[in-house]
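All figures in this text were calculated on a predicted structure; none of them were measured in a lab. Chain letters run A, B, ... following the sequence lines, proteins first, then strands; residues in each count from 1.
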There are 2 protein chains.
Amino acid sequence: MPRRRNPPAAKAAPANQAGKGSAAERAFLAGYDAARFPRPSVAVDVALLTVDERRLRVLLTQRTEHPFLGHWGLLGGFVGFDESIDAAAARTLKAKGGHSGVFLEQLYTFGAPGRDPRTRVISVAHYALVHPETLAQPAPQGQALRWADVQVSWAGERGGPAAALIDGSPQPLAFDHAEMLGLVVQRLRGKLNYAPIGFELLPRDFTLFDLQQVHEAILGRALNKDSFRRRMLASGLLAATGRKETAVGHRPAELYRFKRNTRTAGR
Amino acid sequence: MPRRRNPPAAKAAPANQAGKGSAAERAFLAGYDAARFPRPSVAVDVALLTVDERRLRVLLTQRTEHPFLGHWGLLGGFVGFDESIDAAAARTLKAKGGHSGVFLEQLYTFGAPGRDPRTRVISVAHYALVHPETLAQPAPQGQALRWADVQVSWAGERGGPAAALIDGSPQPLAFDHAEMLGLVVQRLRGKLNYAPIGFELLPRDFTLFDLQQVHEAILGRALNKDSFRRRMLASGLLAATGRKETAVGHRPAELYRFKRNTRTAGR
DNA sequence: ATAGCATATATCCTAAATGCATATAAGTCA
DNA sequence: TGACTTATATGCATTTAGGATATATGCTAT
């Protein structure tokens with residue numbers, strides 16, 4: 001295993017506290033050669049998810065270049081030299097998927113040397129959540145996009161790769177995107193227990209049953225209705241709007257809204 | 001045998017199905033110029049933790065180079081071009097901290113453009129856990145190492161930076177290591193609820209009270225003894241050894257051992 | 001207009017988990 | 001041997017989740 005020591009550096013970037021104190025340090029930084037060692041490329045991948053018709057779905061793009069030409073994969077892009085990882089993920093989501101201003105969070109960094117046949121690419125995987133009413137967004141030009149059904153072959157939070165189905169048939173995903181997708185589901189299932197994350201997958205106003213269906217789609221199992229209801233109402237995160245759904249062919253349910261400003265307060 | 005638990009089994013996918021099939025694709029790969037764009041450096045940082053005398057502690061190293069010369073920080077190193085991130089973290093932990101074969105897991109990737117004044121460095125933060133009996137390990141040559149007390153100013157799992165105290169006084173940490181350390185504590189507190197992680201901080205045989213003290217040190221609050229005891233025994237993860245602690249000046253407690261092979265089974 | 005329908009909401013009951021108190025056990029130490 | 005300290009066992013009250021049943025409400029068909 002090649003042990004490299006402190007590589008590189010050339011420009012002094014905006015610094016951080018005592019980062020550039022003494023003259024000695026300034027001199028060191030000025031003489032730092034950033035190009036001495038070969039470096040991996042750094043990319044981001046974004047799994048944009050939604051729940052539609054009780055199914056968990058992910059937005060895939062069809063690759064127009066090698067490698068994996070023609071395969072479907074997550075939305076990906078490279079991190080610019082002066083760009084934060086968060087910004088790169090948001091930019092990629094906007095440029096490749098046409099969505100912005102949505103919930104977006106870092107997941108895990110994938111860096112197996114052979115994961116990209118071109119060269120060494122380390123990818124920081126992210127996931128994003130939108131509600132299905134935004135599904136109709138037009139695709140950014142030049143992007144072939146499809147919403148695929150997410151299917152996992154494991155139960156609970158055990159983990160493993162996930163499959164993406166288009167028109168019912170599983171697609172071989174590019175790179176290690178099946179692993180990423182599986183990890184997204186695993187993370188979401190865990191997070192559902194303590195974080196108000198279901199709301200990101202619903203429009204502003206929703207019924208308790210809508211919320212339950214989102215949870216069920218993510219967890220992959222049915223939930224007890226009464227218990228779910230009680231838990232949600234007791235959480236203090238829901239505000240009743242006083243309005244009810246209409247034209248549903250049965251007793252209409254109350255519409256709720258997520259209290260955004262509630263401090264989650266450590267447990 | 002390093003008992004590492006890494007979530008995604010993202011093994012090298014040299015030939016992920018159609019990854020490098022056609023002649024066209026081979027031609028494309030051959031012509032790919034890996035050095036066309038300036039790239040960030042990729043590093044790893046490892047927070048090696050233990051619980052000793054009921055205190056959560058982290059192993060720090062004193063920097064011998066700019067930037068942050070003389071400051072204390074986590075164990076860090078650069079990722080080799082052909083080296084996986086996991087391997088880089090393990091190598092760094094061994095070379096800079098003198099520990100190997102311990103629990104080591106990826107945490108989060110930090111990539112703010114200004115976080116390293118030398119140049120753009122993206123760092124994949126990790127945390128590792130050892131039990132205090134291994135504390136006496138000699139430091140690798142040339143490394144100034146100290147165990148510091150970890151102190152957080154927030155409660156529960158709210159999150160925020162953490163302080164590291166040497167001889168009772170807080171040390172200004174290099175780079176964004178205070179943020180990393182805080183995130184480690186936050187992650188550990190969350191993980192304690194569902195993962196058998198406390199065992200990594202204990203020797204093979206331990207009492208229930210030992211385990212409770214580990215949990216309390218991580219959570220930063222006292223736990224109900226009976227309840228903790230019941231929960232742990234009910235978890236099915238503990239095997240009674242039939243032996244008891246000795247020379248403790250009171251009734252000796254039973255020694256338990258962690259059942260490593262128990263499948264955690266999704267909830 | 002009204003009866004039937006489907007689903008929302010309320011109420012009650014049971015099981016399980018937790019916190020707390022008390023009693024007993026098993027070592028050490030004077 | 002007895003005092004002391006902490007481990008372990010047992011009982012009980014409180015809380016919380018799961019499940020069943022009963023009632024409410026708006027829609028639809030007649």
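A/L233 has its CG atom 12 Å from the P atom of D/dA17, to the nearest Å. Between A/N224 atom CG and D/dG19 atom P there is a gap of 5 Å when expressed in whole angstrom units. Taking atom CD of residue B/Q212 and atom P of nucleotide D/dT6, one finds them 14 Å apart after rounding to whole Å. Rounded to whole Å, the distance from CG on B/D226 to C1' on D/dT14 is 15 Å. When rounded to the nearest whole Å, the span between CZ of B/R229 and P of D/dA7 equals 8 Å.
Chain B approaches DNA chain C within less than 4.0 angstrom (heavy atoms of the protein), and the contacting nucleotides run 5' to 3' from C/dT18 to C/dT28.
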Between the protein and nucleotides 25-30 of chain D, list the N/O to N/O atom pairs that are separated by less than 3.5 angstrom.
{"residue": "D/dT25", "atom": "O4'", "partner": "A/R251", "partner atom": "NE", "Å": "3.4"}

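Among residues at least two apart or in separate chains, salt bridge (Lys or Arg N to Asp or Glu O under 4.0 Å) pairs with a member in residues 235-251 of chain B are B/D205-B/R243. The stretch residues 160-170 of chain A participates, sequence neighbours left out, in these salt bridge (Lys or Arg N to Asp or Glu O under 4.0 Å) pairs: A/R146-A/D167.
Residue B/L93 holds its CG atom at 7.0 Å from NE2 of B/H99, rounded to the nearest 0.5 Å. Going from atom CG of A/L49 over to atom CG of A/L59 covers 9.5 Å, rounded to the nearest 0.5 Å.
The side chain of B/K225 places an N or O atom within less than 4.0 Å of a non-bridging phosphate oxygen (OP1 or OP2) of D/dA7.
If B/L255 and A/R231 are placed on DNA chain D by their nearest nucleotide, the residue sitting closer to the 5' end is B/L255.
In this pair, B/Y108 and B/F110 present their aromatic rings perpendicular. The plane angle is above 60°, beyond the 30 to 60° band. Aromatic ring orientation, A/H215 versus A/F228: perpendicular (interplanar angle above 60°, classes split at 30° and 60°).
The side-chain hydrogen bond (donor to acceptor under 3.5 Å, both in side chains) check on B/S123 picks up B/D45, with sequence neighbours excluded. Residues passing the side-chain hydrogen bond (donor to acceptor under 3.5 Å, both in side chains) test with A/E105 are A/Y127, A/K191, sequence neighbours excluded.
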| side chain to side chain contact (heavy atoms under 4.5 Å, CB included) between B/L104 and B/L48, intermediate numbers included | CA-CA 9 Å; B/L104 174 62; B/L48 178 63; over 6 Å; no

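Within the 4.0 angstrom heavy-atom criterion, base atoms lie near B/R230.
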